[in-house]
Engineer: 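My questions all concern the structure below.
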2 protein chains.
Amino acid sequence: MSFDTSTRAVLADDEVARVDAYWRAANYLSVGQIYLLDNPLLAEPLAPEHIKPRLLGHWGTTPGLNLIYAHLNRIIRDRDVNVIYITGPGHGGPGLVANAYLEGTYSEVYPGIEQNAEGLRKLFRQFSFPGGIPSHVAAQTPGSIHEGGELGYALVHAYGAAFDNPDLVVACVVGDGEAETGPLAASWHSNKFLNPACDGAVLPILHLNGYKIANPTVLARMPHTELESLLRGYGYRPITVTGDEPTNVHQQLAAAFDEAFDAIADIQHAARTGGGASRPVWPMIVLRTPKGWTGPKAVDGEQVEGTWRSHQVPLAQTRDNPEHRAQLEEWLRSYRPHELFDANGALRAELRAMAPSGNRRMSANPHANGGLLLRDLDLPDFRDYAVDVTRPATETHEATKVLGTFLRDVIARNPDRFRLMGPDETASNRLSAVYETTDKVWLSEILPVDDHLAGRGRVMEVLSEHLCQGWLEGYLLTGRHGLFNCYEAFVHIVDSMVNQHAKWLSVSRELVWRAPIASLNYLLTSHVWRQDHNGASHQDPGFIDLVANKRPEVVRVYLPPDANTLLSVADHCLRSRDYVNVIVAGKQPALAYLDMESAIAHCTRGLGIWQWASTAAGEPDVVLACAGDIPTLETLAAADILRRELPDLAVRVVNVVDIMRLQPENEHPHGLPDNEFDALFTRDKPVIFGYHGYPWLIHRLTYRRTNHAHLHVRGYNERGTTTTPFDMVMLNDLDRFHLVMDVIDRVDGLGSRAAVLRQRMADARLASRRYTREHGEDDPQIAGWTWGDDARLR
Amino acid sequence: MSFDTSTRAVLADDEVARVDAYWRAANYLSVGQIYLLDNPLLAEPLAPEHIKPRLLGHWGTTPGLNLIYAHLNRIIRDRDVNVIYITGPGHGGPGLVANAYLEGTYSEVYPGIEQNAEGLRKLFRQFSFPGGIPSHVAAQTPGSIHEGGELGYALVHAYGAAFDNPDLVVACVVGDGEAETGPLAASWHSNKFLNPACDGAVLPILHLNGYKIANPTVLARMPHTELESLLRGYGYRPITVTGDEPTNVHQQLAAAFDEAFDAIADIQHAARTGGGASRPVWPMIVLRTPKGWTGPKAVDGEQVEGTWRSHQVPLAQTRDNPEHRAQLEEWLRSYRPHELFDANGALRAELRAMAPSGNRRMSANPHANGGLLLRDLDLPDFRDYAVDVTRPATETHEATKVLGTFLRDVIARNPDRFRLMGPDETASNRLSAVYETTDKVWLSEILPVDDHLAGRGRVMEVLSEHLCQGWLEGYLLTGRHGLFNCYEAFVHIVDSMVNQHAKWLSVSRELVWRAPIASLNYLLTSHVWRQDHNGASHQDPGFIDLVANKRPEVVRVYLPPDANTLLSVADHCLRSRDYVNVIVAGKQPALAYLDMESAIAHCTRGLGIWQWASTAAGEPDVVLACAGDIPTLETLAAADILRRELPDLAVRVVNVVDIMRLQPENEHPHGLPDNEFDALFTRDKPVIFGYHGYPWLIHRLTYRRTNHAHLHVRGYNERGTTTTPFDMVMLNDLDRFHLVMDVIDRVDGLGSRAAVLRQRMADARLASRRYTREHGEDDPQIAGWTWGDDARLR
């Protein structure tokens, strides 16, 4: 092999000894966490009762994480730099916990885990133990913004953390397993969006320990020249460190970090002293060391160190198999714990001095507990952006376009703490007003024909939902704000990332030391009903269902039916903390229903009767409920038909903005009390509910309600293609004509006039379909429907 | 710019003229589809009524797709090679439809669209028109296995198609927008898994037209040397073609294709004549041509050709704006349609001769209609792999390990048509028996320590769920079989891919000319209840919910509770066609309940009463229902407690394997008729349902059932961490003790003995929690529960 193994003697011998001792201390604590119930300092020979009955955790990646940590500590101390540490192979949880403990942070955050032998015992015992802490790096781990369970997002989180943090260096370990994932493969290109003048730096450390759970890794087995070509192609200058002899590797790695931090400083200095905004070639480190390094070389005759066999727990029978137990004891003692900890179990002072102090400790860096740094957004008054609505359902606006004017001014007022993410869709989603005040970040070549590209900008566009999501997560977790605008169907691309973020929020809310962060806000538009240029592939409203499966404490879903309600909802979401907020709204010209005062009142309640559209003064004969802009349009058009054609029928129209209000109050914090629900939806009258998404979600939310048996929901039933807007609702039986038929079918005793009307509705559907197929557009009578001039708000 | 623009005169002048004419014909038909209702051959000046009222589609990518198609036709004819065409920028639908029409395939498949002027008129009119065809490449497009709606999966589909098809070349256009996505970025590395000796070839064509919807692309704006470094780093030899002058580009592209196909032939020849299985450097093409090439240069004073403004419909007001209309007519006439089509509207013979014939036409290649080539799996008798169950719930087996022995022999019998995909989890998921007969494909370096890696193998492991999914989709769509084994939580990574595949199946089932393909089979294990080494991040059973949202015709979900039922279900799934089958099963040692005969009967019914576990002979007082291995265990343990402690209570145990049976029969083909459902679940007795996943899914499936009001579901409620198995069920109130309490709370008139039992159950929960926290493992009494010796099957 032809890797650079030349050793520049960056460190004096005693420095090597100290950094090695610190590494051994972290490794010792890591192994202790995986194995030990008691006898934490090996004061006596290891006995079965000292060992956990269930051995759970991951050793393989841990010594590498600890090695990097120790060397970063040296850099932080020497240079007084501001560094956080993101560990892609976050299943190496014991390593990060060990380091937080060595730095003292762990005991500050969890006072029960003291800096003595008893503290060590508790530290070991709690790991992967019932009532203790998870095996991975998690929200419970001080210094982390990154749960290591689902691989692929380390680098994109690192970039999100670095944006608008010019002082920060995000050291990011990318495991060679993780590097095979799609999101990680795309994340390397994040350097095209990082401005050395006004953003921080990301230092990727590609750790090639060679193996995953059961296989070698793709990147570790590429010819090294090919790997270098790949990384240079991604726009980095790789600095390679390789070896399995600690002293040699310490020297190499120290030199590599020096070189990398020098390069970062040079790049930033150049960019900040008059340099252009062109993209530099950032340094990165490639670290080749054995998987499970310093662990057992072989177990039961099979090689373990340097292979996938060290991935989890290398010695599996340490309780029952004396040979394994002896090997474990030998392994633990190889770190020479009594050189590391004093008689009381405290880390020796000379090693304690190896760690940075205060907020410079990576485990205590406030950027990794972003809520501490969070400043409220300076928000303009959203009411100033209201559209006039003198008569409901008579004039059209593009809701997201109106929101764009509000977002424009949010951006203008918060140039350092708000970003708008979008996968090449911000203009398509009609938020272009933001370009009146900002640009899209673009560090590559810019041509004269380009539109609002610049080295600085608050809008981030890349054709990767994964990058948009990951950048925003990293940005939020380090104490800033943002909004992700996305085609509704394709937000499913980040389903699993949302799952992980929601889990993170659920846990961090229960940790008193974690300060609340800004919510993860989605604007989903170009939605299922109006994918005019596209077809079935662009039609999927199921993200709401996914989000609704998460803990109720952290999820909110809003379906504002028009421009003013969208403004009100967006303002609310931007002020909120620790939620995942999903807003689904239309971008096409659509009727406005509520003036701003009514919109605020309606959004505050989350749902309510629209009296102006109802013919029932008191108890109705039927309730027409709706959620979402298109279902609201069709429901109102149906109500219009009913009031004209069946004037004796008492119809109540209920609109729902906040669908979590439909749940019982013991299921979701927004849940409506049963008596209030009954007051809106009646206890026994038919309810025809037009819903934006999959209809069964409404049933899932309401099945415990008194009147559930009379609830009939129309929604998206996976019927769609490239066709006209009205044809789309007809394909799914959500059209006004079908809703009228649904009413007639479900209200008893309507008589012959209703029967005639029902037939007319069926005929109208046929005629509409015929018209559409003949003309290629919707019947203007249908498309242009507005409420009559007798409607008045309030 | 320093690109290679040297032109080797590969083509004679008349060849250039002919390939250019063919390209013009495809472009003409593409523009016609986007714009024209009538006057397809411009027999008269273009009038408003000839133009569609709604202009929907994507022009920008189309001329590039057509250019490549024309040149591939030349290669296919010259070399008689077997090529299919995958178009990443599949929103360029009109291009692929145009080419299928030019080749005659379109008229063969859709006889109404004839090869004359009237056929052209219909072809144009139907595009993006109500009742017509979608705007994208879709299942309706002959020659496609790839819906172009959601970007990112072209290259991984291409590799999936190439595996085990040694004769096939998959030409795959990767758009530079798509290239920014994570899945595409990872897909380049698929070459590490393609064996030149026994697989086909993939020829990636990276089309850099420079722009997405509203932005330049990352790859197009990298320095070309950096891009080349990236592609070489991915393991390819890029051949660059660049230009905006057609004749020059035709010559370059012809030379590039010759070079690429020569290289492919050389690589394959070497590998097939004694060469080793080492990975070659495959050729690829980088094509830089203007976006919207040959379209309007500028519109209303703004540059369009060569910019993002050509992405969709460059001239938007052609009906109302005479200037736009004149520009459109000029554009259409620039292709000189009367040189291309004869007076009847048929393609002229000399152009017709440019296309390959028969199955060599890319639009008619049977590999792109894989069902035509599908051969049934040669399946061993799954009953031969049964575990003995003489008494239910007394002995343990690892269900997936047992399945592994069946899969081993499936693989042995079908060495050319079955692959097992897994993201580095096949061994973890305990399917290792397959390695008794096969290996994992690995074309990179192999070291002595490696385990079952080889150049040939039926198992494909890479740490990317996207690649596993995409490879398998490509493999299935070209007429083969497979199974994707995955940790349950992380299958959410491919949610959006599953959505797209399910939509494809829904559409293709309705196309008589598309032959059924093998189902997309998932084995989800390492599931929510038994993520012992990990924690909350690895716990998510929501994939079932996602799949249940798709069209009922194409989705099936099975929760076999033990080894024999898993065998029966797996056999069924491997025989099925055109479905997405989700199987959730455990890998940990777990009780076996049914002998094989009973398992088959139970799985055939999909659900049923387990009389051996029930105390009710006739109508019960309470139904204990369960679905999933862990809920079944807890339910049976609860039933065991009840029969001992409340012997007078008539308990019925119902187990559900096929959860779609819970739906009404008019909602899903597997739906149970109401009377049968009532017979199982009663009309009015309490039903305590222990379910594997989110409990509300069971409500969503059953809300129309007679007895729904008395249904009480326990399942995963997003409570979890790294803890013991029994602690996990307790955290979510799914444990046996809580189920007994649920019964007592819901059955009236049980009296004081029940009240005492309820308190004992509450105490048992507390004691269990205490035990677990003290010992770090579950109480052996609980963990070791088995059914008493009085149980007998049947």
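In what follows, chains carry the letters A, B, and so on, assigned in the order in which the sequence lines appear, proteins first and then strands, with residues in each chain numbered from 1.
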Engineer: Given a strict heavy-atom distance threshold of 4.5 Å, which part of A/Q539 is in contact with chain B: side chain, backbone, both, or neither?
Structural biologist: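 Both backbone and side chain.
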
Engineer: Select one option (side chain, backbone, both, neither) describing which atoms of A/T307 are under 4.5 Å from chain B's heavy atoms.
Structural biologist: side chain

Engineer: Pick one of side chain, backbone, both or neither for A/R125, based on which atoms fall under 4.5 Å of a heavy atom in chain B.
Structural biologist: side chain

Engineer: Please classify the contact between B/F129 and chain A as side chain, backbone, both or neither, with a heavy-atom cut-off of under 4.5 Å.
Structural biologist: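 Both backbone and side chain.
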
Engineer: Checking A/H91 against B/N534 for the side-chain hydrogen bond (donor to acceptor under 3.5 Å, both in side chains) test, could you report, in this order, the C-alpha distance in whole Å, the side-chain angles of both residues, the deciding distance, and whether it holds?
Structural biologist: CA-CA 8 Å; A/H91 44 285; B/N534 303 295; over 6 Å; no

Engineer: Do the side chains of A/D450 and B/Y211 get nearer than 4.5 Å, heavy atoms only?
Structural biologist: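 The answer is yes, as the side chains (C-beta and beyond) meet within the 4.5 Å cut-off.
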
Engineer: So for A/L151, is it side chain, backbone, both, or neither that comes closer than 4.5 Å to the heavy atoms of chain B?
Structural biologist: side chain

Engineer: Can we say A/D545 and B/R700 salt-bridge, meaning some charged N sits less than 4.0 Å from an Asp/Glu carboxylate O?
Structural biologist: no

Engineer: Side chain, backbone, both or neither: which part of A/E445 has a non-hydrogen atom closer than 4.5 Å to chain B?
Structural biologist: both

Engineer: Non-hydrogen atoms of chain B under 4.5 Å away: do they reach the side chain of A/A709, the backbone, both or neither?
Structural biologist: backbone

Engineer: Using a 4.5 Å cut-off on heavy atoms from C-beta on, say whether the side chain of A/P216 contacts that of B/L447.
Structural biologist: no

Engineer: Restricting to side chain to side chain donor-acceptor pair (under 3.5 Å), what partner residues turn up for B/K440, sequence neighbours left out?
Structural biologist: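 For B/K440, the residues satisfying side chain to side chain donor-acceptor pair (under 3.5 Å) (neighbours in sequence not counted) are A/N215.
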
Engineer: B/L37 versus A/H775: any side-chain heavy-atom pair under 4.5 Å?
Structural biologist: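 No; the side chains remain at least 4.5 Å from each other.
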
Engineer: Is any side-chain heavy atom of B/H538 less than 4.5 Å from a side-chain heavy atom of A/P134?
Structural biologist: no

Engineer: What I want to find out is whether A/K503 reaches B/E718 closely enough, with some N-O distance under 4.0 Å, to be called a salt bridge.
Structural biologist: yes

Engineer: Would you call B/D451 and A/W308 a side-chain contact if the rule is heavy atoms closer than 4.5 Å?
Structural biologist: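 In contact.
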
Engineer: What part of A/Y694 is in contact with chain B, defined as an atom under 4.5 angstrom from a non-hydrogen atom: side chain, backbone, both or neither?
Structural biologist: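 The side chain, not the backbone.
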
Engineer: For B/K192, give me all partners under side chain to side chain donor-acceptor pair (under 3.5 Å), at least two apart in sequence or on another chain.
Structural biologist: B/H189

Engineer: Indicate yes or no: at least one non-hydrogen side-chain atom of B/R54 is less than 4.5 angstrom from one of A/P725.
Structural biologist: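 B/R54 vs A/P725: side chains touch.
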
Engineer: Is the ring centre of B/H466 less than 6.0 Å from the ring centre of A/H466?
Structural biologist: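 Yes, the ring centres sit under 6.0 Å apart.
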
Engineer: Report which part of A/I446 has an atom under 4.5 Å of a heavy atom belonging to chain B: side chain, backbone, both, or neither.
Structural biologist: backbone

Engineer: Mind checking whether A/M497 and B/I493 have side chains closer than 4.5 Å, heavy atoms only?
Structural biologist: no

Engineer: Please say which of B/T723, B/T722, B/L731 ends up in a side-chain contact (heavy atoms from CB on, under 4.5 Å) with A/P130.
Structural biologist: B/T723

Engineer: So what's closer than 4.5 Å to chain B heavy atoms on A/H452: side chain, backbone, both or neither?
Structural biologist: neither

